[in-house]
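Read the numbers this way: they start at 1 and go in the same order the structure lists the ligands and their atoms.
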Amino acid sequence: MGAMETSERLLVRPRRGAQGPERDESSPVDALLARYRERTATVAVIGLGYVGLPLVQALLGAGFKVIGLDIDEEKIAALKQGEVFISHLPAQVFAKALEADRFTPTTDFRDLHEADAILICVPTPLTGHREPDLSFVENTARSILPNLRRGQLIILESTSYPGTTRDIVKPILQQSNLLSGKDFFLAYSPEREDPGNTQFSTKAIPKIVGGDGEDALRLADALYGAFVVETVPVSSLEAAEAVKITENIFRAVNIALVNELKMLYAEMGIDMWEVIEAAKTKPFGFMAFYPGPGLGGHCIPIDPFYLTWKSREYGLTTRFIELAGEINAMMPRYVVSRVVDELNTRTGRGLNKARILVIGLAYKKNIADCRESPSLKIIELLERQGAICDAHDPFVPAIPRTREHPNLAGRRSVVLNGEVISSYDVVLIMTDHDSIDYLLVVKNARIVVDTRNACARVDGAGSNVAKA
Ligand SMILES: NC(=O)c1ccc[n+]([C@@H]2O[C@H](COP(=O)([O-])OP(=O)(O)OC[C@H]3O[C@@H](n4cnc5c(N)ncnc54)[C@H](O)[C@@H]3O)[C@@H](O)[C@H]2O)c1
């Protein structure tokens with residue numbers, strides 16, 4: 001749905017907060033709306049990671065001038081050379097825009113002065129005590145503060161609990177003595193990026209928008225309406241924040257459900273993947289979720305606990321989230337126990353000195369992202385019991401430094417050929433990258449433990465393959 005259409009169907013009213021200024025000749029709102037719709041606006045994106053960079057790409061594709069701001073100097077230096085660290089993004093789009101002076105990568109927050117809209121896509125991780133770490137969002141708001149000017153639209157895209165934009169970002173920005181809804185405009189629009197998903201690029205995914213007041217909502221709706229397929233305005237900042245966190249909780253809970261069923265069905269001699277394939281032929285009331293070796297990435301293992309933390313303020317608990325977390329968190333240990341079972345029953349040996357080749361380091365297929373990846377956790381668990389692990393991942397030449405597994409950093413991905421595969425006691429498939437030759441794996445491995453049902457893709461998978 002285009003911008004004009006969506007703005008006209010804005011029947012919802014903001015639940016609370018500023019209602020926006022009375023419109024008069026001097027109101028900047030209409031002029032801004034026009035700049036967004038005509039794509040003549042300059043848009044700044046703060047935080048050029050897995051979310052921010054695809055957003056930049058979508059904005060450039062629609063014809064906007066884009067300022068890309070990050071505190072990571074190396075990243076900005078690379079972008080200035082036309083290099084893009086996310087392999088599935090087309091580098092030429094960025095290079096062309098650089099040449100045409102439509103894309104300005106920078107570390108200087110003063111450049112924000114030029115921007116008609118500022119989109120914030122910085123990380124929202126958990127602290128060591130598994131509580132929300134909003135320091136990146138707060139720091140970003142503080143860096144915007146001295147550069148905030150009248151007539152700018154600020155949109156938070158980072159995932160967080162309902163109340164973040166109003167209670168954390170707004171008070172910081174209002175220290176400027178400018179008022180949200182009057183002098184500047186504040187909105188929340190969650191990113192729904194699915195890295196590596198070639199079917200749905202940023203512009204093909206409908207965008208939820210919530211505003212602090214009616215003008216903020218109209219402006220955010222018009223901006224996204226100019227470059228995404230559809231906008232979905234909701235009545236408040238909090239509703240928009242709740243949509244995103246609900247989507248991620250929905251995934252976490254359903255993945256936990258199939259993980260739990262997988263373990264039970266395995267004992268009963270029933271194949272969970274076969275059950276799901278058959279169940280999903282029901283044309284209504286069933287949605288397929290797939291089991292795996294544990295959650296990974298920046299979203300599903302983390303975001304639900306933002307709401308759990310917030311719920312305590314209301315004296316309520318989020319038992320589904322906690323239970324799902326418990327089940328999903330035990331999956332790496334379950335996979336290790338399956339490797340032990342297979343080694344024991346097939347060779348009479350245990351893990352000690354067993355050589356294990358882990359296929360897949362990224363947390364999901366066809367991308368390089370290793371954040372929270374269960375592969376790293378499993379390598380540590382296996383090695384703690386005396387196993388000797390190597391890994392192969394076509395997207396990850398060497399294990400990156402992570403907070404949880406610093407000892408694994410720098411380990412290089414081994415080449416994958418028949419000779420290499422046959423030299424290991426067990427090949428453990430953790431990520432089902434499409435480019436892996438699974439036939440080569442099953443033909444050469446002594447034992448394959450497959451956590452993704454990847455070997456089902458090839459004819460010829462034999463009795464050496466066990467699912468986990
Ligand atoms: N990765 C996903 O699939 C995904 C999907 C939907 C939503 N999200 C959410 O989007 C947000 C961003 O996630 P991401 O995966 O893109 O993170 P990321 O770590 O890939 O990128 C974040 C970027 O922000 C930069 N940054 C940090 N602090 C900054 C600051 N003060 N000023 C400027 N730049 C700063 C970092 O240098 C980094 O380049 C998170 O809230 C996440 O939950 C992520």
Side-chain angles (χ1 to χ4, degrees), residues 44-58 67-79 83-89 105-112 115 118-126 132-147 154-161 164-165 168-169 172 188-197 200-202 205-208 240-241 243-252 295-307 362-373 400-403:
V45 176
I46 304 183
L48 303 178
Y50 284 91
V51 164
L53 268 187
L55 197 58
V56 169
Q57 186 202 343
I67 298 165
L69 205 156
D70 205 291
I71 51 172
D72 183 336
E73 289 182 2
E74 270 180 39
K75 200 174 265 186
I76 293 300
L79 281 167
E83 291 163 23
V84 178
F85 83 102
I86 300 178
S87 54
H88 58 267
L89 293 183
T106 179
T107 54
D108 190 347
F109 279 83
R110 285 172 301 188
D111 291 340
L112 291 180
I118 299 172
L119 315 184
I120 305 170
C121 311
V122 296
T124 45
L126 292 171
D133 176 1
L134 285 174
S135 60
F136 297 91
V137 172
E138 288 171 10
N139 288 341
T140 302
R142 281 194 207 100
S143 304
I144 295 173
L145 177 61
N147 304 292
I154 317 295
I155 306 178
L156 181 63
E157 293 223 1
S158 302
T159 309
S160 188
Y161 56 77
T164 305
T165 314
I168 307 287
V169 178
I172 296 175
Y188 180 79
S189 180
E191 187 47 64
R192 294 161 131 182
E193 187 67 21
D194 183 12
N197 186 331
F200 294 103
S201 63
T202 304
I205 305 171
K207 207 82 173 84
I208 307 291
E241 289 162 331
V243 169
K244 172 68 188 181
I245 216 153
T246 302
E247 289 169 359
N248 284 357
I249 291 165
F250 180 77
R251 276 189 69 71
L295 297 180
H298 187 343
C299 297
I300 313 296
I302 292 171
D303 305 342
F305 296 100
Y306 267 63
L307 194 64
Y363 79 92
K364 64 182 257 191
K365 70 173 177 174
N366 303 340
I367 62 167
D369 192 351
C370 292
R371 290 175 300 174
E372 310 283 324
S373 174
R401 178 158 296 281
T402 56
R403 195 170 52 179

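- Looking at C299 against ligand 1, only its side chain comes within 4.0 Å, counting heavy atoms.
- Ligand-side atoms of ligand 1 in range of D72: 37 (O), range being under 4.0 angstrom from any heavy atom.
- Residues L79 and L53 form a side-chain contact, since some pair of their non-hydrogen atoms from C-beta on lies under 4.5 Å apart.
- For E157, the heavy-atom gap to ligand 1 stays at 4.0 angstrom or more.
- When the heavy-atom distances from atom 27 (C) of ligand 1 to P195, P123, S158 are ranked, the shortest goes to P123.
- Contact annotation: for I46 versus ligand 1, heavy atoms closer than 4.0 Å belong to the side chain alone.
- Proximity of a side-chain donor or acceptor of S373 to a complementary backbone N or O of G296 within less than 3.5 Å is not detected.
- Between the side chain of D194 and the backbone N or O of N197, no donor-acceptor pair lies under 3.5 Å.
- Between R192 and ligand 1, no pair of N/O atoms sits closer than 3.5 Å.
- The protein heavy-atom contact nearest to atom 9 (C) of ligand 1 is T159 OG1, 3.5 Å.
- Nearest to atom 8 (N) of ligand 1 among the protein's heavy atoms is V51 CG2, 3.5 Å.
- For the residues N139, T124, D369, the heavy atom positioned nearest atom 40 (C) of ligand 1 is part of T124.
- Not counting sequence neighbours, the partners of F85 by the ring-ring contact (aromatic ring centres under 6.0 Å, His included) test are Y50.
- Protein heavy atom at the shortest distance from atom 34 (N) of ligand 1 is I71 N, 3.6 Å.
- With hydrogens left out, the protein atom closest to atom 24 (O) of ligand 1 is G47 CA, 3.3 Å, a heavy atom.
- When R371, R142, K75 are checked for heavy-atom proximity to atom 17 (O) of ligand 1, R371 turns out nearest.
- Look at D303 and R251 and you find no salt bridge, because none of the NZ, NE, NH1 or NH2 atoms lies under 4.0 Å from a carboxylate O.
- In terms of protein heavy-atom proximity, atom 13 (O) of ligand 1 is nearest to H298 CD2, 3.6 Å.
- Judged purely by atom type and a 3.5 angstrom limit, S189 uses its side chain to pair as donor or acceptor with the backbone of I208.
- Across V243, V51, N248, T202, a single residue satisfies side-chain contact (heavy atoms from CB on, under 4.5 Å) together with R192, and that is V243.
- By the ring-ring contact (aromatic ring centres under 6.0 Å, His included) test, Y306 is found to be paired with no residue, residues two or more places apart in sequence or in another chain being considered.
- Closest heavy-atom approach to atom 12 (C) of ligand 1 among the candidates C121, A141, S135, G68: C121.
- Side-chain contact between L156 and I168 is absent, with no heavy atoms from C-beta onward closer than 4.5 Å.
- Protein heavy atom at the shortest distance from atom 31 (N) of ligand 1 is T140 OG1, 3.2 Å.
- When non-hydrogen atoms are compared, ligand 1 lies under 4.0 Å from the side chain of F109 (C-beta onward) but not from its backbone.
- Looking at atom 21 (O) of ligand 1, its nearest protein heavy atom turns out to be G49 CA, 3.2 Å.
- Only side-chain heavy atoms of K244 come within less than 4.0 Å of ligand 1; its backbone N, CA, C and O stay farther off.
- Formation of a donor-acceptor pair under 3.5 Å by the E241 side chain with backbone atoms of T165 is found in this model.
- The backbone N or O of I172 lies less than 3.5 Å from no partner atom in the side chain of R142, so there is not a single donor-acceptor pair.
- Closest heavy-atom approach to atom 37 (O) of ligand 1 among the candidates I300, D70, L69: D70.
- Between K364 and D369 the shortest side-chain heavy-atom distance does not fall below 4.5 Å.
- Nearest protein heavy-atom contact of atom 11 (C) of ligand 1 is V122 O, 3.4 Å.
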